Participant: 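Below are the structure tokens for one structure; questions will follow.
Numbered from 1 within each chain, the chains take letters A, B, ... in sequence-line order. Everything numeric here is computed off the predicted structure, so don't read it as measured data.
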Amino acid sequence: MALEQIRSALVTVLREMGVADPSVGLERPRDPSHGDLATNVAMTLAKVLGRPPRQIAEEIVSRLDLVAAGVSAVEVAGPGFLNFRLSSGAVASVLDDILDADGSYGRSGSGKGESVMVEFVSANPTGPLHLGHGRQAALGDAVASLLDWTGWRVHREYYYNDSGTQMDNLALSVRARYGQHFGRPGEIPENGYHGAYVADIAQALADEVGDRWADDDSAEALDAMRAFAVRLIREEQDRDLADFRVHFDEYYLESSLYRDGRVDATVQALRDAGYVYERDGAVWLRTTEFGDQKDRVMIRSNGAPTYFLPDVAYHLGKWERGYHRVINVQGSDHHGTVSRVRAGLRALGLPEGYPEYVLHQMVRVERDGKEVKFSKRAGSYTTLRELYEEVGVDVARYFMLMRKPDAHLVFDLDMALDQSDKNPVYKVQYAHARMCSIFAKAGLEPEEAVAGSHADLSLLVHDLERELIKRLREFPETVERAASQAAPHVVCDYLEQTAGAANSWYHAGNPSRNPELTVLADDPALRAARLVLTRAVQIVLHNGLTLLGIDAPRRMDRAEAAVPA
RNA sequence: GCGCCUGUAGCUCAGGUGGAUAGAGCAUCGGCCUUCUAAGCCGAGGGUCCUGGGUUCGAGUCCCAGCGGGCGCACCA
């Protein structure tokens, strides 16, 4: 690899010049006239060496010998940058690596096979999943995938808050609708659920048990109705997620924490740790010891725990299950829980900063600059399913990922429904399909362009080709960076730019306009080299899309314009 | 009032951990175009990076103080 050779040569030279432990950053300059690679070491070392940057740069150049690394020229530029120009063969050598690695190009091992848990979605089973859950599903799944690609052993987990007040409200709502079904005068309670799905559940219940509980106000009947409702809602949520291509390794029930005695055990552990006190008939935890803004109630004066307690028990359990790295994906409206849960865990001796959080802002769907709501099923909100049935799963997933989690997400329906290159998802998919179509045109399978085939890659000398190749080379480091920042949008950004570069290259070679740039050139050597590049582009786009959970079709079947429901 | 997030082109947003002339998509405008199948291609205009200080060779990026927006501050989850 030219890059590593240059880096180590620089390190050697800098040692000779008296720098003890030089760290050399090499980057691809924005402006192609600044060469293929550049470093700013001369500037960063100006202070240490007590000399002007350009003078240091000149000395480095005079000591370097980089012919073997494929460097064709080195120059000092601007305030003290060193710009390297590579031979076309050195630039293109990465294509062989890409074809060799194929479906695993972009994977790396920095996670060293250690375990990490990603917990996401974790919606209460009180109704269908909404848009916020959709963003969370796409994000959590992509973050998990990024960790997988960078060498972690990933566990995807969903936590169901299936105990507590919200469940009671659900059960009471179902009982009201069920009663109404049989002409009884029930009313949905103040904090109950009004969506159409509640009536559906009541209907299903009536279909199953008839009027058996129509006049039964007992706790047993209510429990049965609660269990029935939770089962149906969980099934619906699972369907919604499966059709969104999101799957979990484990579903963890809050109720199991009580059954297994983990909640009681946690209280005892906290007592033993000495951070528990009683006041006004309630049991408190001194979370202010660990940076929380105020102490928190664990057990209310009526004897019932607050949600905070099972939360701590749950996360302690994660640690005890061996997950010493955990990433929780949550809506930022829950960010208040972060310092509380962490404080509770630190009281039990777990490290500061455990678990990690990815907090995301809310989603707003707009058409023509105005917010749209097309909720039928849930009443007050748009469901995830309603969205992806409108725009398609690929588009929905991609749009949920393409903004950084911190930022509010404006989901532009006009753009989402557009089927041209203006839609970033299609832009990337078209570029991939285009590469495939070149092979179809040549009467080859893409896999037939093999690395180490006698293609002379130094023939790829055109600026558009060099720029494209340099982008392909950056894919692994892009994945690495996206993973370390838990930021899938970095990959989206990369794919759009790479697809753009590929499209420009492809279009520049339009045979009727510019036959000398055509991929399927008459000259067999040139054709072979360009087919290697075509294949490499296809691999990178395929891997990037796959990583994000988005299809990479070989052919784009243009769908009928989406029919408004 | 306190805490977290946020403020970059008309709009939606990037900006690789401090580097060269701040980028992309959409929209707008101007040229091409019927193809190695993709309602396409090429190009242009457009900026007080919220404001004011500070740190240094260099700040959209780091620090401080303001201003604007979002969210959170229950014996709710």
Participant: Hey, does the side chain of R300(A) come within less than 4.0 Å of C76(B)'s phosphate (OP1/OP2), counting only N and O?
Facilitator: yes
Participant: Looking at the angle O4'-C1'-N9-C4 for a purine or O4'-C1'-N1-C2 for a pyrimidine, is U61(B) syn or anti, with syn meaning within 90° of 0?
Facilitator: anti
Participant: Atom CD of Q419(A) and atom P of U37(B): how far apart are they, to the nearest Å?
Facilitator: 20 Å
Participant: So, does Y506(A) get its side chain near the phosphate of A38(B), meaning an N or O under 4.0 Å from OP1 or OP2?
Facilitator: yes
Participant: Select base, sugar-phosphate, or nothing to describe what R340(A) touches, counting heavy atoms under 4.0 Å on all strands.
Facilitator: base
Participant: Is H334(A) side chain donor-acceptor paired with the G72(B) base, going by distance under 3.5 Å alone?
Facilitator: no
Participant: Measure from CE on M556(A) to P on G40(B) and round the result to the nearest Å.
Facilitator: 13 Å
Participant: How long is the line joining CG of N514(A) and C1' of C42(B), in whole Å?
Facilitator: 12 Å
Participant: With rounding to whole Å, what would you report as the distance between U51(B) and C11(B) at their P atoms?
Facilitator: 16 Å
Participant: What integer number of Å spans the P atoms of C13(B) and C71(B)?
Facilitator: 16 Å
Participant: Which residue lies toward the 5' end of RNA chain B, E477(A) or P79(A), if each is placed at its nearest nucleotide?
Facilitator: E477(A)
Participant: Work out how far the P atom of U48(B) is from that of G60(B), and round it to whole angstrom.
Facilitator: 14 Å
Participant: Is there a side-chain contact between S339(A) and the phosphate of G3(B), meaning an N or O under 4.0 Å from OP1 or OP2?
Facilitator: no
Participant: Hey, does D280(A) reach any base, or is it just sugar-phosphate, or nothing, if we go heavy atoms under 4.0 Å?
Facilitator: base
Participant: The side chain of W284(A) lies closest to which of these nucleotides: C75(B), C13(B), U37(B)?
Facilitator: C75(B)
Participant: Using the C1' atoms only, state how far C49(B) lies from U61(B), rounded to an integer number of Å.
Facilitator: 10 Å
Participant: Sub-3.5 Å donor-acceptor pair from the side chain of R364(A) to the main-chain atoms of F411(A), do we have one?
Facilitator: no
Participant: Answer yes or no: does a side-chain N or O of K404(A) lie under 4.0 Å from OP1 or OP2 of G15(B)?
Facilitator: yes
Participant: Return the pairing partner of C26(B) with a 3.5 Å limit on both distances, Watson-Crick or G-U wobble; otherwise return none.
Facilitator: G10(B)
Participant: Could you tell me whether N40(A) contacts a base, only the sugar-phosphate backbone, or nothing, with contacts defined as non-hydrogen atoms closer than 4.0 Å?
Facilitator: base
Participant: Counting only Watson-Crick or G-U wobble pairs whose two distances fall under 3.5 Å, which nucleotide matches G72(B)?
Facilitator: C2(B)
Participant: Taking for each residue the nucleotide of RNA chain B with the nearest heavy atom, is it D418(A) or K294(A) whose nucleotide lies nearer the 5' end?
Facilitator: D418(A)
Participant: Is any side-chain N of the basic residue among E157(A) and K318(A) closer than 4.0 Å to the acidic one's carboxylate O?
Facilitator: no
Participant: Looking at G35(A), is its backbone amide N or carbonyl O close enough to the side chain of N83(A) to form a donor-acceptor pair, meaning the two atoms are under 3.5 Å apart?
Facilitator: no
Participant: Measure from the side-chain heavy atoms of R555(A) and tell me the nearest of A20(B), C5(B), U37(B).
Facilitator: U37(B)
Participant: Classify A407(A) by what it touches in the nucleic acid, base, sugar-phosphate, or nothing, heavy-atom distance under 4.0 Å.
Facilitator: sugar-phosphate
Participant: Strictly below 4.0 Å: does H489(A) bring a side-chain N or O up to OP1 or OP2 of G15(B)?
Facilitator: yes
Participant: Please name the nucleotide paired to G52(B) by Watson-Crick or G-U wobble geometry with both distances under 3.5 Å, or report none.
Facilitator: C64(B)
Participant: Across the strands shown, which category fits M298(A) at heavy-atom distances under 4.0 angstrom: base, sugar-phosphate, nothing?
Facilitator: nothing
Participant: Can you identify which nucleotide, out of G40(B), C71(B), G19(B), has its nearest atom closest to the H507(A) side chain?
Facilitator: G40(B)
Participant: Of the nucleotides C71(B), G25(B), A20(B), which one has an atom closest to the side chain of M415(A)?
Facilitator: G25(B)
Participant: Just by modelled atom types, is the M415(A) backbone N or O under 3.5 Å from a matching donor or acceptor in the N423(A) side chain?
Facilitator: yes
Participant: Which whole-number value in Å describes the distance from Y398(A) OH to G25(B) P?
Facilitator: 13 Å
Participant: Where does the angle between the aromatic ring planes of H133(A) and H130(A) fall among parallel (under 30°), tilted (30 to 60°) and perpendicular (over 60°)?
Facilitator: parallel
Participant: Using the C1' atom in both, what is the distance from G25(B) to G58(B), to the nearest Å?
Facilitator: 31 Å
Participant: Taking atom P in both C26(B) and G7(B), compute the distance separating them and give it to the nearest angstrom.
Facilitator: 23 Å
Participant: For D162(A), answer base if it contacts any base atom (sugar-phosphate contacts may also be present), sugar-phosphate if it contacts only those atoms, and nothing otherwise; contact means non-hydrogen atoms under 4.0 Å.
Facilitator: nothing
Participant: Looking for any heavy atom pair under 4.0 Å, which part of the strands does T337(A) touch: base, sugar-phosphate only, or nothing?
Facilitator: nothing
Participant: Does G46(B) have a Watson-Crick or wobble partner in any strand here, with both distances under 3.5 angstrom, and which is it?
Facilitator: none
Participant: When you measure only distances, ignoring hydrogens and angles, does the side chain of N169(A) come within 3.5 Å of the base of A77(B) through a donor and an acceptor?
Facilitator: no
Participant: Identify which nucleotide among U12(B), A20(B), G19(B) has an atom closest to any side-chain atom of V410(A), counting heavy atoms from C-beta outward.
Facilitator: U12(B)
Participant: State whether the side chain of N161(A) and the backbone N or O of N124(A) hold a donor-acceptor pair below 3.5 Å, judged by distance alone.
Facilitator: no
Participant: Starting the side chain at C-beta, find the nucleotide from A38(B), C75(B), A77(B) nearest to A433(A).
Facilitator: A38(B)
Participant: If you take atom types as modelled and just measure distance, does the side chain of D333(A) reach the base of G72(B) with a donor-acceptor pair under 3.5 Å?
Facilitator: no
Participant: Donor-acceptor pair, D523(A) side chain versus L526(A) backbone, under 3.5 Å?
Facilitator: yes
Participant: One thing to verify: whether E75(A) and R85(A) come together as a salt bridge, which I'm taking to mean a side-chain N less than 4.0 angstrom from a carboxylate O.
Facilitator: yes
Participant: Considering only A74(B), C13(B), C42(B), which nucleotide approaches the side chain of R403(A) most closely?
Facilitator: C13(B)
Participant: Name the pairing partner of C57(B), where a pair is Watson-Crick or G-U wobble with both distances under 3.5 Å, or state none.
Facilitator: G19(B)
Participant: Checking contacts here: which listed nucleotide (C75(B), A77(B), U17(B)) is nearest the side-chain heavy atoms of Q485(A)?
Facilitator: U17(B)
Participant: If you check every side-chain atom of H335(A), which of G3(B), G40(B), A20(B) has the closest atom?
Facilitator: G3(B)
Participant: Please determine whether a side-chain nitrogen of the Lys or Arg among R286(A) and D292(A) lies less than 4.0 Å from a carboxylate oxygen of the Asp or Glu.
Facilitator: no
Participant: How close or far is atom C1' of C4(B) from atom CD of Q330(A), stated in whole angstroms?
Facilitator: 13 Å
Participant: Are any of the side-chain nitrogens in E445(A) or R554(A) under 4.0 Å away from the carboxylate oxygens of its partner?
Facilitator: yes
Participant: Is the shortest side-chain N/O distance from S332(A) to OP1 or OP2 of G70(B) below 4.0 Å?
Facilitator: no
Participant: For A38(B) and K427(A) - does any side-chain N or O of the residue sit under 4.0 Å from the phosphate oxygens OP1/OP2?
Facilitator: no
Participant: Mind calculating the distance between NE2 (H408(A)) and P (U12(B)) to the nearest angstrom?
Facilitator: 12 Å
Participant: Give me the distance, rounded to whole Å, that separates U12(B) from C4(B) when you measure between the P atoms they each carry.
Facilitator: 26 Å
Participant: Among A20(B), A77(B), A38(B), which nucleotide has an atom closest to any side-chain atom of S437(A)?
Facilitator: A38(B)
Participant: Can you tell me how far P of G40(B) sits from CG of N423(A), to the nearest Å?
Facilitator: 12 Å
Participant: Q361(A) has an atom CD; how far is it from atom C1' of G69(B), in whole Å?
Facilitator: 11 Å
Participant: Sticking with atom P, work out how far A14(B) lies from C5(B), rounded to a whole angstrom.
Facilitator: 16 Å
Participant: Would you say F81(A) stacks on G19(B), if stacking means ring centres under 5.5 Å apart and planes within less than 30 degrees?
Facilitator: no
Participant: Hey, does the side-chain of S301(A) have a donor or acceptor N/O within less than 3.5 Å of a partner on the base of C75(B)?
Facilitator: yes
